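All values derive from a computational prediction rather than experimental measurement.
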Amino acid sequence: MIIESKSHIRQIGLFTIFVWIVLLAVCLPRSGDAARLKDIATVKGVRENILIGYGIVVGLKGSGDSSTDITSQSLTRLFSKLGLDIQNNANVKSKNAAAVIVTAKLPPFARVGSQLDVTASSIGDASSLEGGMLLVTPLRAGDQNVYAVAQGPVSIGTVADGSSKNFPTIGRVVSGATIEKDLDMNFASKKNFRLALHQPDFTTAARVAAVINGELGGKFASARDSGTIDIVVPFNYDGNSVELLALLENININVDTRARVVLNERTGTVVMGEHIQITPVAISHGDLAIEVKGAPKGTKPERVAEIKSGASVSDLVKALNTLGVQAKDLTAIFQTLKEVGALQADLEIM
């Protein structure tokens, strides 16, 4: 009897363990459904900065500005700085030069001496920037300080057959700008960080804070709102914030999103999330009808299709496609479903 009792207890114990394993498998997020923290959030302050400047492209083959005053004034000032005496400050005109706006993106943590690609866009009546050379152009940020200087040959690009692209008045200067000023940011010594979710969601924000706290073994992260998570740097990572973020950004997070259906009215394309249900409803539109079982029955038009109660948007779309519904009818049907409250999701029409 004792042996049988122990065996019985062992079976009960094994069964309990099995139940816990099943529950954990169901409750825990699957790795295939999770996303890395670095792909769903950004660190406050770690971003690109826009640079802009005004410059002159020279060396064009008669395709430059013909009568733009700003180009003439720029050439006159340029020659004066180079020591050339322009009598009576007369404007210099040349169809081999073009005025351009130069733009670039200054990446985070860029250092002096690093190089950037820049884009030159004509602002006059030049027909093409092909073969031109961008002269020295200071690039400024929003604080009006110069952070880079650009110069170099302008490339407008060509396709496989050697023909030019459709917009020869816009060109790029590859590695054409050199950074001249560092961004002041002592990142490694920061004591706290703020993460911003790309898609704000209260559930996702709470999960991020919980997973980070579990990884660090303490209360170091807190969700400030649906899109913001504040993190305090643990004492063992003091002065090593880069290593801390390298650890956290590779954590897998089970992302939660609002139920949403996006409908492209022009093409009839429907994109939807997971688990979007439709409550029992009967749809009658022209000579077609869709009935979700459980809804009150009415007169049946010529084209009829039935789908099960608790059907998803995918089931509805398949039924509508079976009946040959046009894109405009699809839009009207989904709008009506949303109005009567049968579609349990946000509806966005493009």
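- Of the residues Val173, Leu129, Ile56, the one that meets the side chain to side chain contact (heavy atoms under 4.5 Å, CB included) test with Leu134 is Val173.
- Listed for the Arg207 side chain is a donor-acceptor partner under 3.5 Å among the backbone atoms of Asn254.
- Between Val146 and Lys181, every side-chain heavy-atom pair lies at or beyond the 4.5 Å cut-off.
- Using modelled atom types and a 3.5 Å distance limit, the side chains of Asp256 and Thr203 yield no donor-acceptor pair.
- Clustering ILVMFWY residues whenever any of their side-chain heavy atoms sit less than 4.5 angstrom apart, transitively, puts Ile251 in the very cluster that holds Ile40.
- Thr137 contributes a side-chain N or O that, together with a main-chain N or O of Leu135, makes up a donor-acceptor pair within less than 3.5 Å.
- The shortest non-hydrogen separation linking Thr42 to His198 is CG2-NE2, 3.1 Å.
- Under the 30°/60° scheme for interplanar angles, the aromatic rings of Phe109 and Phe187 are found to stand perpendicular.
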Verdict with supporting geometry, Leu195 and Leu37, side chain to side chain contact (heavy atoms under 4.5 Å, CB included): CA-CA 10 Å; Leu195 300 180; Leu37 182 59; 3.9 Å; yes
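- No single ILVMFWY cluster, assembled from side-chain heavy atoms under 4.5 Å apart, contains both Ile179 and Val174.
- Ionic pairing of Asp238 and Lys191 is present here: one or more N-O contacts between side-chain nitrogen and carboxylate oxygen are shorter than 4.0 angstrom.
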Just do the side chain to side chain contact (heavy atoms under 4.5 Å, CB included) check on Val261 and Lys338 with the steps written out, would you? CA-CA 10 Å; Val261 177; Lys338 181 63 177 176; over 6 Å; no
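- At a threshold of 4.5 Å between side-chain heavy atoms, the hydrophobic network of Ile, Leu, Val, Met, Phe, Trp and Tyr places Val149 and Val118 in two separate groups.
- The two residues Leu51 and Ala148 come nearest to each other via the heavy atoms CD1-CB, 4.0 Å.
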